[in-house]
Amino acid sequence: MSTPQPPYGSSDEPRDPRDENGRGDQTPPPSAPQPPQPAYGTTPPPSAPQPVYGAPQQPYGGQSQQPYGGQQSPYGGAPTGAPAYGQSPQPSQGGNGLGIASIVVGGVGLLLSFVGFGAIPAIVGLVLGIIALVKKKGARMLALIGTIVSGLGVLIGIAVVIVGIVIGLASVQAVNDSLPTSGSIDSGDSGSADSDASAENNAFGDTFTYDDGIAVTVSAPEAYTPGEYSSGADQAASVIFTVTIENGTDANFEPMPYETATSGGVEASKVYDSDIESSPTTVVPAGQTITYRVVFSVADADQIVFQMSPSFDYDDVVFTS
């Protein structure tokens, strides 16, 4: 008959005297299974490829990281290109555009100012340069150069306009001074006297001489019968005048005569007839004369006032009965 064994864990089970703390002689846990070793003479299976030295390492968790120093989007979804923490923002380029525009427009105004047309573009360039300086954006040197160039254009343009006005007034005055406004009357042996051409009435047959030597003579009116195809004979009588222009100057004279007449307080009508030559336009050489005829239809042949000038820049000469 066998001896009964005490139940497991009972106090009668003998204990290892080395187990002072109650751990006893415990069996170590089984170790991890070792991979099978290849048989002698066989090729071992290939292991995982090792990364090349210097190649970028895949970070833990499989997420790619930006290289050190690269631009990253800041927290909160700010757009790419925003300055990193600690960096000062780049200055705005808006002022540069105004400065460049001021230089270009002001330069054009400066060039045109020498011919009197640059004041307006120069003023525009000056305004652009001042705006660029006030905004304090971009390169202030560009705005300063544009302001200076535009200012010079404005000053030169104003000066050219003033000089042009002065020269123009002086030219007009010189032309007015050169125009003959007076002459002398030569009536045979009675001598001559200086007088304004339109201030005194000259008798028909007298010769009026201008200061430059041009002389005009108008004969006494004679009765005239207009032809069948004439025009302008619409008053009581028609009379004809013979006009002589003498060139007493040292140069050629180009006549452009203009005649008018009144009779009895009524404006006379100029008669055009095929038998009457037109007013002369041929140059009269120095020392020579030219003669032509002119016909007027008048209300009273006994009261006639004849007025003419040998050219457009001469005073009118008045002849009366």
Side-chain angles (χ1 to χ4, degrees), residues 64-182 210-212 249-256 258 281 283 309 311-316:
S64 60
Q65 300 291 332
Q66 294 288 343
Y68 178 75
Q71 189 173 6
Q72 299 182 4
S73 298
Y75 178 77
T80 304
Y85 177 75
Q87 295 182 356
S88 59
Q90 297 294 328
S92 175
Q93 301 298 323
N96 289 349
L98 291 176
I100 294 174
S102 175
I103 293 176
V104 174
V105 179
V108 173
L110 180 60
L111 294 177
L112 295 179
S113 63
F114 291 97
V115 293
F117 300 101
I120 294 178
I123 292 174
V124 175
L126 181 61
V127 173
L128 293 176
I130 294 175
I131 293 176
L133 289 175
V134 171
K135 283 190 173 183
K136 299 180 180 180
K137 293 182 179 180
R140 292 176 59 83
M141 182 58 66
L142 295 177
L144 183 60
I145 293 175
T147 303
I148 294 175
V149 172
S150 301
L152 289 176
V154 172
L155 294 178
I156 294 176
I158 294 176
V160 170
V161 171
I162 294 176
V163 172
I165 293 175
V166 172
I167 294 176
L169 294 177
S171 300
V172 172
Q173 184 63 33
V175 171
N176 291 335
D177 293 341
S178 65
L179 294 178
T181 58
S182 61
Y210 290 90
D211 290 342
D212 62 350
T249 67
D250 296 332
N252 292 337
F253 174 71
E254 184 176 356
M256 296 183 65
Y258 179 75
T281 56
V283 172
S309 64
S311 185
F312 68 92
D313 53 353
Y314 285 80
D315 286 346
D316 291 341

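Values below: every heavy atom of this structure, side chains too, minus hydrogens, waters and symmetry copies.
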List the atom pairs, with distances to 0.1 Å, where a side-chain N or O of residues 154-164 and a protein N or O form a donor-acceptor pair under 3.5 Å, not counting sequence neighbours.
none

Non-neighbouring partners of T249 that pass side-chain contact (heavy atoms from CB on, under 4.5 Å), sequence neighbours left out: D212, I214, N247
Heavy-atom closest contact (F253 atom, S311 atom, distance): CZ-CB, 4.1 Å
Counterpart residues, side-chain contact (heavy atoms from CB on, under 4.5 Å), relative to V149 (two or more places apart): L110, I145
Gap between atom CD1 of I103 and atom CG of L98 - 0.5 Å precision: 11.5 Å
Check: T147 side chain, A143 main-chain N or O, donor-acceptor pair, under 3.5 Å: yes
Side-chain donor or acceptor of Y258 paired with backbone N/O of D316 under 3.5 Å: no
Nearest-0.5 Å distance, OG of residue S113 to CG of residue L111: 7.5 Å
Can you give the donor-acceptor pairs under 3.5 Å from side chains of residues 127-134 to other protein atoms, not counting sequence neighbours?
none

Minimum heavy-atom distance S150-G125, with the two atoms named: OG-C, 3.0 Å
Contact summary for T281 and E254, nearest pair of heavy atoms: O-CG, 4.2 Å
